[in-house]
Amino acid sequence: QVQLVESGGGLVQAGGSLRVSCAASGNIFRINAMGWYRQAPGKLRELVADISSGGSTNYADSVKGRFTISRDNAKNTVYLQMNSLKSDDTAVYYCNANIRVFPWSSRSGVDYWGQGTQVTVSS
């Protein structure tokens, strides 16, 4: 079984910084892309940032220049450094990882989700 464990959420003032992390564990052959999504109350879940196995990154327009996604393949961990936080960044942040469990499987990967970590930005 594969699990994603998130940490680092909390309360921060507007303009402050926060780093959330997500570690994947279990039977993992290879982790492909990893990413962060967020969902505010009454809103749809949206992509914040993702990063490929090769390290290429993609960001939502709303966070470009403020957030940085990175990964540590040796630790099966993805990070999201959030700077210059705004009240609009308040949401539950979810970790996502596309993981190949078995090397003999015909599927290249399956999406797994963390339980989410609350990020609250006070204004």
Side-chain angles (χ1 to χ4, degrees):
Q1 296 293 321
V2 174
Q3 291 187 352
L4 303 181
V5 180
E6 299 154 326
S7 62
L11 177 65
V12 64
Q13 292 183 334
S17 298
L18 200 65
R19 189 180 78 160
V20 291
S21 62
C22 172
S25 62
N27 296 322
I28 299 172
F29 173 68
R30 183 177 65 238
I31 301 179
N32 301 310
M34 305 183 79
W36 288 95
Y37 292 71
R38 67 186 182 187
Q39 187 169 24
K43 303 295 183 180
L44 296 174
R45 186 174 299 186
E46 63 176 354
L47 173 69
V48 178
D50 58 21
I51 182 168
S52 72
S53 61
S56 62
T57 58
N58 179 58
Y59 298 92
D61 289 339
S62 60
V63 306
K64 286 182 179 177
R66 299 188 298 119
F67 291 9
T68 302
I69 189 170
S70 61
R71 64 190 290 169
D72 186 335
N73 291 332
K75 297 181 179 180
N76 291 334
T77 300
V78 63
Y79 306 92
L80 184 68
Q81 178 67 47
M82 300 178 286
N83 298 325
S84 301
L85 283 163
K86 307 173 181 179
S87 60
D88 288 345
D89 296 318
T90 296
V92 177
Y93 284 70
Y94 296 92
C95 175
N96 171 269
N98 186 269
I99 298 174
R100 184 167 185 163
V101 177
F102 303 107
W104 57 85
S105 175
S106 61
R107 304 186 67 179
S108 60
V110 176
D111 283 339
Y112 292 87
W113 293 89
Q115 293 298 308
T117 183
Q118 177 70 49
V119 173
T120 302
V121 183
S122 63
S123 60

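Numbering starts at 1 and runs along the sequence shown.
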Distance in Å, [X] [atom1] paired with [Y] [atom2], rounded so as to fall on 0.5 Å steps:
| X | Y | atom1 | atom2 | result |
| --- | --- | --- | --- | --- |
| Thr57 | Phe67 | OG1 | CZ | 14.0 Å |
| Ile51 | Asn32 | CD1 | CG | 13.0 Å |
| Asn98 | Ser53 | CG | OG | 10.0 Å |
| Asp72 | Tyr79 | CG | OH | 5.0 Å |
| Asn96 | Cys22 | CG | SG | 8.5 Å |

Original post:
Which pairs, with at least one residue in residues 31-77 and sequence neighbours excluded, count as a disulfide (SG to SG under 2.5 Å)?
Top reply: none
Set of side-chain hydrogen bond (donor to acceptor under 3.5 Å, both in side chains) partners for [X], sequence neighbours left out:
| X | value |
| --- | --- |
| Arg100 | none |
| Gln3 | none |
| Thr120 | Gln118 |
| Asn76 | none |

Subject >> NZ/NE/NH1/NH2 to OD/OE distance under 4.0 Å, Asp89 and Lys86 >> reply: no
Quick check against the 3.5 Å criterion: does [X] have a side-chain atom that pairs as donor or acceptor with the backbone of [Y]?
| X | Y | result |
| --- | --- | --- |
| Gln39 | Val92 | no |
| Arg71 | Ser52 | yes |
| Thr117 | Tyr93 | no |
| Glu6 | Cys95 | yes |

**OP:** Of all the heavy-atom pairs spanning Ile99 and Ala24, show the shortest one and how long it is.
**Re:** CD1-CB, 4.3 Å
Original post:
Looking only at heavy atoms, which two atoms of Val101 and Asn27 are closest? And how far apart?
Top reply: CG1-O, 3.3 Å
Taking side chain to side chain contact (heavy atoms under 4.5 Å, CB included) as the test, write out the residues that go with [X], two or more places apart.
| X | value |
| --- | --- |
| Ser17 | Gln81, Asn83 |
| Ala49 | Tyr59, Ile69, Leu80 |
| Ser7 | Ser21 |

Between [X] and [Y], is there a shared hydrophobic cluster once you connect ILVMFWY residues whose side-chain heavy atoms come closer than 4.5 Å?
| X | Y | answer |
| --- | --- | --- |
| Met34 | Val110 | yes |
| Val20 | Val78 | yes |
| Tyr94 | Leu18 | no |

Summary of salt bridge (Lys or Arg N to Asp or Glu O under 4.0 Å) pairs that have at least one residue in [range], sequence neighbours excluded:
| range | answer |
| --- | --- |
| residues 40-55 | Arg38-Glu46 |
| residues 111-122 | none |
| residues 8-24 | none |

**OP:** Take Leu47 and Asn58, measure what side chain to side chain contact (heavy atoms under 4.5 Å, CB included) needs, and give me the verdict at the end.
**Re:** CA-CA 9 Å; Leu47 173 69; Asn58 179 58; 3.7 Å; yes
Subject >> 4.5 Å side-chain heavy-atom contact, Arg30 and Pro103 >> reply: no
Original post:
How about Tyr112 and Ile31: do any of their side-chain heavy atoms sit closer than 4.5 Å?
Top reply: no
Original post:
Considering residues at least two apart in sequence or located in another chain, which fulfil the ring pair (Phe, Tyr, Trp, His ring centres under 6.0 Å) criterion with Tyr37?
Top reply: Trp113
